[in-house]
Every structure is written in C-alpha cells, then in structure tokens.
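In what follows, every heavy atom counts, from backbone to side chain, and hydrogens, waters and symmetry copies are set aside.
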Amino acid sequence: MRLRLIMLFIMFILLGGSFAPAQLSAASSPQDEPVSKSDSSEEEQLTLGQLRQKYADTFKTNGPSTKQVALTFDDVPDPRFTPQVLDILKKYKVRATFFIVGNRAEKHPDLVRRMVKEGHIVGNHSYNHPEFSKLSMNAFRKQILHTGDIIRDLAGYTPKMIRPPYGDINEQQLQWSAKQRYSIVNWNVDSLDWKGLPKDKVKENILSAVKPGSIVLQHAGGGVGSNLNGTIEALPEVIKELRNRGYELVTLDEMLGLPKGK
Ligand SMILES: [Zn+2]
C-alpha cells in the first residue's frame, strides 16, 4: 500500500504536477494579457473609422452638408429586383448610383445598359462579392480591374468609385486604390434592407437617420432567396418624403464632386 502511494507520487511529479496553489497560476492570466499582446503584435490594424480619417481624400461615407442625399443600390444587376427599382426611379425622375457586381453584369448586361441610358451612374462592387480584407493584394486587384473592364464595355467608362462588399477594405488595399485614383465610397445611412425587412422598417431606417450629405445604402439585387420587396415598396414614399424635407436626390459624382469614370 505504501509502495503504491510512493509510486503514484513519483508519477505525479514526472507528469509535471505541481503543488503550487491554484491562485498563483490564475493570477498570471487576464491582467497580463494586454501587455504581452502589445509586445508581440507590432502593427495594430486600423479600424474602418480610423482608415476613413487617415485616407479622407480617398475613402468617403458622406458628402458635404448641403441639402442633398444620394440613393445607392448594391449587388446589381438582378432581374428579380433591379428592373422594378429602375421603373420607380424613372417614374419619380430620380437619378441614383448602382454598384455593380462583375459576374452579374456578365449575366445581365442589358440591365447595366438600361441604368446608364436612364441617367444613373455605376460603380464597381467587385467581381464576385468577396470580403476584400481577406484577399491577397493580387486577388483584390483582379476583382477591381476585371470588373472595371466589364463595366467599361457596357457603360462606356471605367468607374472611379468602388464600394467594397460589406464595406470592408484594408489599409494596403486603400493605398493601392488611392494611387490608382479610385474613390472608396461607403455609406452613412443603412436601410438594412438585405435582411428582407418590411416596407415600413426600411422606410424608418432611412428616414430616421438621413441628414444633409447622406449616402443611403439599399440593394437592388440579392442572393438566393433574397426578398427586397420592402425596398421596392418603400422607395416611392422615401423619395416623396425626402423631397418634402427639401432634399435634392443626386448621384454620387454630383454629391462628391468627382468624375464618374477614371
Ligand atoms: Zn454587396
């Protein structure tokens, strides 16, 4: 019996057991963590907000505080929703900005031609909607350049404005964009319409947040099973209410004083 206890004790020591009080090991964790973190990671990634400040000339989320609002529609063209949005804009004589996904433009080129013909402007929303910050620089450049070529063939210009999918972009990609004279244009009013929200909710999300110089994010295209009926039903009322409040509805090139093409 005694021998067994001694054997167990020896095994315990050999396996790295310790008699130190539990408190001691606990004391070394949470408080010390930030110190060792900042020691090890030399370059902290800037947040999108910080990047926007640092690259203010390239990266925009709003225009000047004049009584203008820009309606923008992402993830186009999509035959289920884009024609309906175009019909409403035409009826109310509103010109807007559409951010085009390259592989969708390849499938539905006539819808891109229609946007341009009806006075809207188009921007670059990548080739197949990846999260830019997770891409290599090479893959990122390909997304922009290839889509730019597709759009140029349909619209007659290579868009100057890029809207990153999910609004997401990293510093190196921003630096490249600046050098290549692109503008990155996100938004400061989010309709959250991609969630399939009902008309009243879409309307409220826009009208409760809008102010002079606002860039409004909506969608006129979506994935499998997307429902943008809320956007389509809300749009006439959003337009009427914005005009009641004295806003002029403009395209992004007008609002930001930028050329639409490179
Ligand atoms: Zn998108």
Side-chain angles (χ1 to χ4, degrees), residues 33-66 68-75 97-102 121-148 151 157-192 194 205-206 209-219 250-262:
E33 211 172 10
V35 179
S36 62
K37 241 187 191 168
S38 60
D39 279 349
S40 60
S41 65
E42 289 282 312
E43 40 181 307
E44 293 260 319
Q45 291 223 336
L46 298 179
T47 64
L48 279 177
Q50 290 166 326
L51 287 174
R52 214 173 58 233
Q53 289 186 334
K54 189 169 171 184
Y55 298 92
D57 288 343
T58 300
F59 194 1
K60 315 268 183 193
T61 52
N62 62 278
S65 337
T66 51
Q68 291 185 329
V69 165
L71 299 182
T72 69
F73 297 89
D74 286 10
D75 299 355
T97 304
F98 288 86
F99 283 98
I100 297 201
V101 177
I121 75 154
V122 290
N124 188 327
H125 195 45
S126 83
Y127 183 72
N128 60 0
H129 215 268
E131 222 176 304
F132 280 169
S133 66
K134 294 193 173 152
L135 297 183
S136 68
M137 273 309 287
N138 198 33
F140 164 74
R141 278 193 299 264
K142 272 190 192 156
Q143 290 275 336
I144 299 302
L145 296 175
H146 186 37
T147 303
I151 296 174
Y157 59 91
T158 305
K160 181 179 175 69
M161 293 176 216
I162 297 171
R163 173 165 290 163
Y166 319 102
D168 175 48
I169 191 162
N170 68 32
E171 185 161 16
Q172 204 186 356
Q173 293 165 347
L174 258 174
Q175 286 168 344
W176 180 85
S177 305
K179 217 179 210 171
Q180 300 291 318
R181 294 178 294 104
Y182 287 106
S183 294
I184 306 299
V185 186
N186 278 351
W187 58 88
N188 66 350
V189 174
D190 191 345
S191 67
L192 296 173
W194 58 270
N205 286 345
I206 297 172
V210 83
K211 57 188 182 196
S214 280
I215 298 174
V216 180
L217 170 64
Q218 293 173 270
H219 292 78
V250 296
T251 49
L252 280 177
D253 56 335
E254 292 176 282
M255 173 177 269
L256 300 173
L258 294 169
K260 63 187 175 185
K262 280 194 73 197

Non-hydrogen atoms of [X] and [Y] that approach each other most closely:
X: L135; Y: P130; answer: CD1-CG, 3.7 Å
X: N205; Y: V189; answer: O-CG1, 4.0 Å
X: L145; Y: W176; answer: CD2-CH2, 4.2 Å
X: Q50; Y: Q45; answer: OE1-O, 4.5 Å
X: A70; Y: L252; answer: CB-CD2, 3.7 Å

Closer than 3.5 angstrom, by distance alone: can the side chain of [X] be matched with the main-chain N or O of [Y] as a donor-acceptor pair?
X: K160; Y: R181; answer: yes
X: Q173; Y: F132; answer: yes
X: Q218; Y: F73; answer: no
X: N124; Y: I144; answer: yes

Option from [options] for which side-chain contact (heavy atoms from CB on, under 4.5 Å) with [X] holds:
X: I215; options: D190, V69, V185; answer: V185
X: F140; options: P164, S177, S126; answer: S177
X: R163; options: T72, T97, I184; answer: T72
X: S133; options: L48, D168, I169; answer: D168

For this session: Just grab all the salt bridge (charged side-chain N to carboxylate O under 4.0 Å, His left out) pairs involving residues 122-142, residues at least two apart or on different chains.
Result: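 As it turns out, the salt bridge (charged side-chain N to carboxylate O under 4.0 Å, His left out) pairs with a partner in residues 122-142, which skip direct neighbours, are E131-K134.
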Exercise. Hey, mind stepping through M161 and K60 against side chain to side chain contact (heavy atoms under 4.5 Å, CB included) and telling me if it holds?
Worked result: CA-CA 10 Å; M161 293 176 216; K60 315 268 183 193; over 6 Å; no
For this session: Fit a plane to each ring of Y166 and H129, take the angle between them on a 0 to 90° scale, and name the class: parallel (under 30°), tilted (30 to 60°) or perpendicular (over 60°).
Result: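 The rings of Y166 and H129 stand perpendicular, inter-plane angle above 60°.
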Exercise. Got a sec: does the CH2 of W194 have more than 12 other heavy atoms crowding it under 6.0 Å?
Worked result: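 Not buried by this count: 12 neighbours or fewer within 6.0 Å.
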Exercise. For Q172, does the CD atom have more than 12 heavy-atom neighbours from other residues, nucleotides or ligands under 6.0 Å away?
Worked result: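 No, because the 6.0 Å sphere around CD of Q172 holds 12 heavy atoms or fewer from other groups.
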Exercise. Cut-off 3.5 Å, side chains only: do T251 and D253 have a donor facing an acceptor?
Worked result: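 Indeed, the side chains of T251 and D253 share at least one donor-acceptor pair under 3.5 Å.
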Exercise. Is there a side chain to side chain contact (heavy atoms under 4.5 Å, CB included) between N128 and Q143 once you walk through the steps?
Worked result: CA-CA 8 Å; N128 60 0; Q143 290 275 336; 2.8 Å; yes
Problem set entry | Intermediate values then yes/no, side chain to side chain contact (heavy atoms under 4.5 Å, CB included), E171 and Y55 | CA-CA 9 Å; E171 185 161 16; Y55 298 92; 2.6 Å; yes
Exercise. Does the side chain to side chain contact (heavy atoms under 4.5 Å, CB included) test come out yes or no for N188 and K211, once each step is laid out?
Worked result: CA-CA 9 Å; N188 66 350; K211 57 188 182 196; 4.3 Å; yes
Exercise. Going from CD on Q175 to CG on L51, what distance comes out if it is rounded to the nearest 0.5 angstrom?
Worked result: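 Reported value, rounded in 0.5 Å steps: 9.0 Å.
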